[in-house]
Protein chains: 2
Amino acid sequence: MKRLSPSLEDYLEAAYTLGLKDGFPRACAISRRLKVSKPSVNSAVKALAARGLLEHEKYGYIRLSPAGLRAGAEISGRHLLLKDFFIAVLGMDGAEAERDACRAEHALSSGALRRLGELAVFLKAPPRRRLLRAARAAMSGKKAV
Amino acid sequence: MKRLSPSLEDYLEAAYTLGLKDGFPRACAISRRLKVSKPSVNSAVKALAARGLLEHEKYGYIRLSPAGLRAGAEISGRHLLLKDFFIAVLGMDGAEAERDACRAEHALSSGALRRLGELAVFLKAPPRRRLLRAARAAMSGKKAV
DNA sequence: TAATAAAGTTAGTGTAGACTAACTATAGCA
DNA sequence: TGCTATAGTTAGTCTACACTAACTTTATTA
């Protein structure tokens with residue numbers, strides 16, 4: 001499967017998160033959320049359908065396929081991880097964090113994201129436990145991020 | 001001044017860093033560094049010249065303007081900051097860090113980058129000083145990142 | 001059930017940014 | 001001084017991804 005463009009990732013992510021809320025994502029809801037025109041949604045949906053990430057009957061439902069659900073969850077997860085990092089670790093405000101997460105979610109490798117998540121967990125842990133964990137990591141020879 | 005696209009930022013950054021090394025950046029050096037064709041460089045250079053970021057006489061020199069130097073230094077700084085963060089804080093290897101920095105440098109706000117840099121400084125400081133600094137920050141009422 | 005509002009589609013346009021092919025200019029050297 | 005390699009340019013093409021205008025379908029409701 002060829003890598004999705006940032007733009008298609010945005011559409012798929014929107015479809016996924018809207019689907020979680022309302023059962024089935026509507027094209028016009030995606031249009032409103034991403035602030036793009038309906039024809040833009042239409043062609044993006046076609047492109048996603050062509051890759052087997054969703055099904056789309058004319059004038060009808062948009063339904064994410066299993067692969068689409070997986071990919072959507074993955075992208076949405078990246079977004080949430082980054083937003084949490086920006087707020088909880090960097091102390092950014094919600095709107096700023098949201099904006100940066102939207103853009104950075106397409107730019108970072110999975111390795112960087114994983115490490116970022118681990119760093120957030122480490123820094124958010126209460127001092128005692130943090131120390132304990134670092135000590136244990138040191139003992140086991142694992143690098144304590 | 002309208003915001004540069006990621007693509008134009010890449011060209012300007014390349015021109016800036018090549019200029020640091022060789023005096024004046026050559027178009028074909030940019031072409032090699034970014035692995036794009038010469039015509040791509042040519043049109044990007046025109047676009048940057050149109051914004052007053054560099055001067056470009058036909059078949060001749062590319063010379064960054066003061067504004068171009070400033071912008072180039074800023075972009076290059078973002079890149080270095082991110083790469084350092086990825087290596088020194090996240091423990092990524094050089095090549096991976098380089099790749100991620102290339103892409104993330106266009107995505108993060110200046111606020112996020114500043115905080116990321118401060119976090120790196122904080123985490124890299126030796127424990128004693130780190131503690132001291134946190135304590136002082138606490139005493140002065142400033143948030144200790 | 002017919003009118004209307006909302007949703008979705010089609011067709012056509014524009015811009016950014018990449019490419020190749022083919023040309024022109026400049027520089028280095030025999 | 002002229003040949004050749006390298007650098008730079010022009011013209012034309014392609015893809016992605018936005019848009020508007022105008023149309024069709026579906027849903028709502030008087």
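Every chain is numbered from 1, with letters handed out A, B, ... down the list of sequences. This one's a predicted model, so the numbers in the text were calculated from it and none came from an experiment.
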Chemist: Send over the distance from B:Lys58 NZ to C:dT24 P, rounded to a whole Å.
Modeler: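 Atom-to-atom, B:Lys58 to C:dT24, this comes out as 12 Å.
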Chemist: Please report, rounded to the nearest Å, how far the P atom of C:dT24 is from the CD atom of B:Glu57.
Modeler: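 Taking CD of B:Glu57 and P of C:dT24, I get 21 Å after rounding.
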Chemist: Can you name the salt bridge (charged side-chain N to carboxylate O under 4.0 Å, His left out) partners of A:Asp84, sequence neighbours left out?
Modeler: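 Salt bridge (charged side-chain N to carboxylate O under 4.0 Å, His left out) list for A:Asp84, sorted by chain: A:Lys124.
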Chemist: Between B:Leu34 and B:Leu53, is there a shared hydrophobic cluster once you connect ILVMFWY residues whose side-chain heavy atoms come closer than 4.5 Å?
Modeler: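 Looking at the clustering, B:Leu53 is in the same group as B:Leu34.
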Chemist: Which pairs pass ring-ring contact (aromatic ring centres under 6.0 Å, His included) with one or both residues in residues 87-110 of chain A, sequence neighbours excluded?
Modeler: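 Residue pairs passing ring-ring contact (aromatic ring centres under 6.0 Å, His included), neighbours aside: none found.
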Chemist: Nearest whole angstrom, please: distance from the C1' of C:dA7 to the CZ of A:Phe24.
Modeler: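 It works out to 17 Å between those atoms.
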Chemist: Measure NE2/B:His56 against P/D:dA7 and give the value in whole Å, please.
Modeler: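 After rounding, the gap between these two atoms is 15 Å.
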Chemist: Which pairs would a plain distance check flag for residues 12-19 of chain B, meaning a side-chain donor or acceptor within less than 3.5 Å of a matching protein atom at least two apart in sequence or in another chain?
Modeler:
from: B:Glu13; atom 1: OE2; to: B:His79; atom 2: ND1; distance (Å): 3.4
from: B:Thr17; atom 1: OG1; to: B:Glu13; atom 2: O; distance (Å): 3.1
from: B:Thr17; atom 1: OG1; to: B:Ala14; atom 2: O; distance (Å): 3.3
from: B:Thr17; atom 1: OG1; to: B:Arg33; atom 2: NH1; distance (Å): 3.1

Chemist: Tell me the interatomic distance from B:Glu9, atom CD, to C:dG17, atom P, rounded to whole angstroms.
Modeler: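 Those two atoms, CD and P, are 11 Å apart.
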Chemist: Rounded to the nearest angstrom, tell me the gap between atom CD1 in A:Ile30 and atom P in C:dA7.
Modeler: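 Computing the A:Ile30:CD1 to C:dA7:P distance gives 13 Å.
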Chemist: For C:dA7 and A:Arg26 - does any side-chain N or O of the residue sit under 4.0 Å from the phosphate oxygens OP1/OP2?
Modeler: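 So the side chain of A:Arg26 is outside the cut-off, no N or O lying under 4.0 Å from OP1 or OP2 of C:dA7.
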Chemist: Output the rounded distance in Å from CG (A:Leu54) to C1' (C:dG8).
Modeler: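 A:Leu54 atom CG is separated from C:dG8 atom C1' by 15 Å.
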Chemist: Return the set of residues passing side chain to side chain donor-acceptor pair (under 3.5 Å) with A:Ser43 (not counting sequence neighbours), or none when no residue passes.
Modeler: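 Testing A:Ser43 for side chain to side chain donor-acceptor pair (under 3.5 Å), a comparison that skips the adjacent residues, returns none.
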Chemist: Give the other cluster members for A:Tyr61, using side-chain heavy-atom distances under 4.5 Å between Ile, Leu, Val, Met, Phe, Trp and Tyr residues; answer none if it is isolated.
Modeler: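 Reading the cluster by chain and number, A:Tyr61 sits alongside A:Phe24.
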Chemist: Rounded to whole Å, please give me the gap between CG in B:Leu34 and C1' in C:dG17.
Modeler: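 The distance from CG of B:Leu34 to C1' of C:dG17 comes to 13 Å, rounded to the nearest Å.
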Chemist: Find every protein N or O atom lying less than 3.5 Å from an N or O atom of nucleotides 19-23 of chain D, and list the pairs.
Modeler:
from: D:dC19; atom 1: OP2; to: A:Ser37; atom 2: N; distance (Å): 2.8
from: D:dC19; atom 1: OP2; to: A:Ser37; atom 2: OG; distance (Å): 2.9
from: D:dC19; atom 1: OP2; to: A:Ser40; atom 2: OG; distance (Å): 2.6

Chemist: Have a look at B:Ser31 and say if it touches a base, only the backbone sugar-phosphate, or nothing, with a 4.0 Å heavy-atom cut-off.
Modeler: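 Result for B:Ser31 = nothing.
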